[in-house]
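Below: the structure, in structure tokens.
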Amino acid sequence: MATFQTLPGFREFYPDALARRNHVFRLWRQTATTFGFNEYDAPVLEPLELYKTKSGDEIEAQLFSFTDKGGREVALRPEMTPTVCRLVGEKANALKRPIKWFSIAEFYRYERMQKGRGRCFFQFNADIFGEPGIEAESELIALLVQCLCAFGLSEQDFYVRLSDRNLWFYYLEALGLDDARTRAMLSAVDKFEKSGDEAFNSYSEQFGPLDAALKEKVLAFLRVKSLPALEAILSSVPGEKLAARLTDWRRLLGNLEAMGLARFVEVDLAVVRGLAYYTGFVFEAFDRKGELRALAGGGRYDNLVGKLGYGELPAVGFAIGDMTFALLLEQRGLMPTFVQAPDIYAVIGGAQERLAAFGDIHALRAAGFKVDYPMKEVAFGKQFKAASESGAKLALIYGGDELAKGVVKIRDLTNRSEQEIPRDQVLATVKDFYSQH
RNA sequence: GCGGUCAUAGCUCAGUUGGUUAGAGCACAAGAUUGUGAAUCUUGGGGUCGCGGGUUCGAGUCCCGUUGGCCGCCCCA
């Protein structure tokens, strides 16, 4: 007998798992809507070139890509950013600013599986286009925080690390590094948290031994964890760009504090995010215990829309992945268990009674009640047990005795009380019951 | 792509130095019980022991390979 396995890294959602997934999506969608973001969707399959243009040729190794029957090189989308840039870029002149959009979509990456990472996963993506100032960052970081708080998570559970690639560029420039050295140094900064001093090996190989004074200045900057610390370290470094950038920082943190979100946000220049396309503030959300992969990540990417061939358009965005997020909710006991319970379970005597019951069952369903009944003729005892286990609050009993009298027995399964009601009163009685329960 | 580790029923797991027809609990289903939800009892379905090869009189058990899961590395848009 042939057996078919699920493709490695792919997920199947049985009803209980789908209920949890829907719960997460529902709250994300609701939260984004309260922030005034509009939902969009787009194709799962895109031209391979879209991702090569954005991320370089090496990206293909990480993609589910193939040649379609028309000879087109295509790939399953590994992320939403290039797609949303295209959508916005195509109609940029016609869209009201600021453009605040979000999506909840599935993505595919040809990677090795690990905890919190599969070959397919869902992301909540939110982006703001057309706003060059820190107002966009304020809005998105606030949305990110609320997307997690909506589930009952607090500043005890997660935090957002805020950093700034511009600050690093200006700082390293002030220290005398050219563009190539700056990029190599940022790569080292990105790795430093995990690898320690080894992170600088690649830099040393390219540009010779690392000057001890320079390294110390980089490490000092990397260790900045607060605005006062940042102000202190920059007070001895001249430069108009740094001063202006510091003003942006003060305004951004001021906005977040005014929203009551300061307790979620930590200045942390050790975060630079490897992606070359980020151009300013970058941020990542982590669980406080540090046990899980990043919950979310994002930042400003002012050049990407232009790079894809459209007019220049400033942009900021972030994404939350569903897998790590679900792990966190489960760890904290914040993932509810869902039961698909009917409102009413019909208990049916025999073939005649069944036909009589069908009329009421359909009328109740048409009125919006969830109604279930046994498909086969089974003993009353079994039916009451099934009614109880179904989670329904009410049972409607269609027995020979009742129908002979022109009534239906209605049983409150929560307190086991019963009453007989005329058959034409069933819908009204059920409505009355559920208006009070 | 690399390394470690694991794989027996839908789930959690037993399975002796290699030895008869591979077991238990839970879950599912039927019955005891054709008018009231618990509990109990009885019974049943469900396994090519992940797959393939090797050693052996004999392999769930030992060996090799392979696939898949988990953990770590690389990567993480």
Side-chain angles (χ1 to χ4, degrees), chain A residues 1-12 14 16 46 50-56 58-63 75-85 107-119 121 123 125 127 187 190-191 194-195 198 202 271-278 282 284 291-299 301 304 307 317-319 321 323-324 345 347-353 374 376-404 409-418 420:
Chain A
M1 189 176 75
T3 61
F4 298 97
Q5 289 185 316
T6 311
L7 256 19
F10 281 73
R11 296 189 287 163
E12 289 163 312
Y14 283 78
D16 56 335
E46 291 276 16
L50 182 63
Y51 304 111
K52 284 189 175 176
T53 300
K54 186 207 155 204
S55 306
E58 327 76 69
I59 194 70
E60 190 169 356
Q62 309 284 334
L63 296 177
L76 289 170
R77 63 185 175 197
E79 57 166 330
M80 195 56 110
T81 306
T83 300
V84 71
C85 284
F107 301 94
Y108 304 85
R109 297 179 185 178
Y110 200 89
E111 294 185 295
R112 193 82 178 140
M113 288 181 60
Q114 272 172 52
K115 189 174 191 179
R117 187 171 84 178
R119 284 183 171 181
F121 53 92
Q123 277 185 348
N125 272 261
D127 297 89
S187 171
D190 189 35
K191 293 190 174 74
K194 186 183 282 187
S195 312
E198 288 178 27
S202 170
V271 175
V272 293
R273 292 179 70 79
L275 308 323
Y277 69 87
Y278 280 120
V282 291
E284 294 187 328
E291 293 172 349
L292 303 171
R293 310 175 69 82
L295 290 160
Y301 51 99
L304 190 53
K307 192 176 174 185
F318 74 86
M323 293 180 74
T324 300
Y345 195 94
V347 172
I348 300 167
Q352 284 303 113
E353 293 86 345
K376 283 181 286 197
E377 230 175 278
V378 291
F380 270 89
K382 282 264 155 79
Q383 293 194 56
F384 280 103
K385 189 179 175 189
S388 173
E389 287 173 351
S390 76
K393 290 199 175 93
L394 286 181
L396 288 172
I397 301 156
Y398 293 86
D401 301 344
E402 287 82 0
L403 292 183
K409 202 178 271 178
I410 186 164
R411 179 179 177 88
D412 184 335
L413 291 165
T414 59
N415 63 13
R416 306 192 175 197
S417 65
E418 286 183 350
E420 292 187 340

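Chain naming here is simple, since letters A, B, ... match the order of the sequence lines and numbering starts at 1 in each.
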How many angstroms lie between atom CD1 of A:Ile397 and atom CD1 of A:Ile410, to the nearest 0.5 angstrom?
9.0 Å
Side chains of A:Arg117 and A:Met323: does their closest heavy-atom pair fall under 4.5 Å?
no
Report each atom pair, protein N/O against N/O of nucleotides 36-40 of chain B, whose distance is under 3.5 angstrom.
from	atom 1	to	atom 2	distance (Å)
B:U36	O2	A:Arg411	NE	3.3
B:U36	O2	A:Arg411	NH1	2.8
B:U36	O2	A:Glu418	OE2	3.3
B:U36	N3	A:Glu418	OE2	2.5
B:U36	O4	A:Lys409	NZ	3.1
B:U36	O4	A:Glu418	OE1	3.3
B:U36	O4	A:Glu418	OE2	3.3
B:G37	N7	A:Arg411	NH2	2.5
B:G37	O6	A:Arg411	NE	3.0
B:G37	O6	A:Arg411	NH2	2.9
B:G37	N1	A:Leu413	O	2.8
B:G37	N2	A:Ser388	OG	2.8
B:G37	N2	A:Leu413	O	3.4
B:G37	N3	A:Ser388	OG	3.1

Could you tell me how far B:C51 sits from B:U12 if I compare only their C1' atoms? Round to whole Å.
24 Å
Between B:C64 and B:C6, how many Å separate the two P atoms, rounded to a whole number?
13 Å
Would you say A:Tyr51 and A:Thr83 make side-chain contact, with heavy atoms under 4.5 Å?
yes
Please report the distance, rounded to the nearest Å, between NZ in A:Lys376 and P in B:A30.
6 Å
Answer yes or no on whether A:Arg119 is positioned over the face of A:Tyr108, meaning its NZ or CZ is under 6.0 Å from the six-membered ring centre and within 45° of the axis.
no
Round to a whole Å and report the spacing from CD of A:Gln62 to C1' of B:C74.
9 Å
Given the structure, check if the side chain of A:Arg112 and the base of B:C76 hold any donor-acceptor pair shorter than 3.5 Å.
no
Regarding A:Pro78, tell me which of base, sugar-phosphate or nothing describes its non-hydrogen contacts under 4.0 Å with the strands shown.
base
Identify all stems in which RNA chain B takes part, counting only runs of at least 3 consecutive pairs (Watson-Crick or G-U wobble, each distance under 3.5 Å), and give each as one range with another, ordered by first number.
B:1-7 with B:67-73, B:10-13 with B:23-26, B:28-32 with B:40-44, B:50-54 with B:62-66
Taking the C1' atom in each of B:A9 and B:U5, what is the distance between them to the nearest angstrom?
24 Å
Distance check needed: B:G69 C1' versus A:Phe10 CZ, whole Å only.
16 Å
Can you tell me how far P in B:A24 sits from the matching atom in B:C41, rounded to whole Å?
15 Å
Of all heavy-atom pairs between A:Arg411 and A:Glu418, which one has the smallest distance, and what is that distance?
NH1-OE2, 2.8 Å
Whole-Å P distance, B:G69 and B:C11:
15 Å
Indicate, with a heavy-atom threshold strictly under 4.0 Å, whether A:Lys52 touches base, sugar-phosphate, or nothing.
nothing
Under a 4.5 Å cut-off applied to non-hydrogen side-chain atoms, are A:Lys54 and A:Lys307 in contact?
no
Between B:C70 and B:C13 - P atom distance, rounded Å
15 Å
Nearest whole Å is fine: how far is B:C76 C1' from A:Lys194 NZ?
9 Å
Is the CZ atom of A:Phe380 crowded by more than 12 outside heavy atoms at less than 6.0 Å?
yes
State, yes or no, whether a side-chain contact exists between A:Asp127 and A:Tyr301 at a heavy-atom distance under 4.5 Å.
yes
Could you state the atom-to-atom distance from NZ of A:Lys382 to C1' of B:U34 in whole Å?
12 Å
Got a salt bridge between A:Arg77 and A:Glu46, using NZ or NE/NH1/NH2 to carboxylate O under 4.0 Å?
no
Consider the side chain of A:Leu63, meaning its heavy atoms from C-beta on, and name the nucleotide among B:G31, B:G35, B:A77 that approaches it most closely.
B:A77
Please examine the side chains of A:Asn125 and A:Val84, heavy atoms only from C-beta on, and report whether any two atoms are closer than 4.5 Å.
no
To the nearest angstrom, the NZ-P distance between A:Lys115 and B:C73 comes to 13 Å
Determine the contact category for A:Gly9: base if any of its heavy atoms lies under 4.0 Å from a base atom, sugar-phosphate if only primed atoms, P, OP1 or OP2 are that close, otherwise nothing.
sugar-phosphate
Assign A:Gly297 to base, sugar-phosphate, or nothing according to its heavy-atom contacts below 4.0 angstrom with the strands shown.
nothing
Determine the Euclidean distance between corresponding C1' atoms of B:A14 and B:G47; express it in Å to zero decimal places.
15 Å
Between B:G68 and B:G25, how many Å separate the two C1' atoms, rounded to a whole number?
27 Å
Donor-acceptor pair under 3.5 Å: do we get one between A:Arg109's side chain and the base of B:A77?
yes
Less than 4.5 Å apart, any side-chain heavy atom of A:Lys191 and any of A:Glu198?
no
Length of the line joining A:Phe121:CZ and B:C75:C1', which is rounded to integer Å:
13 Å
Find which nucleotide of RNA chain B each of A:Asp190 and A:Glu377 is nearest to by heavy atoms, and output the residue with the more 5' nucleotide.
A:Glu377
Between atom NZ in A:Lys191 and atom C1' in B:C76, what is the gap in whole Å?
12 Å
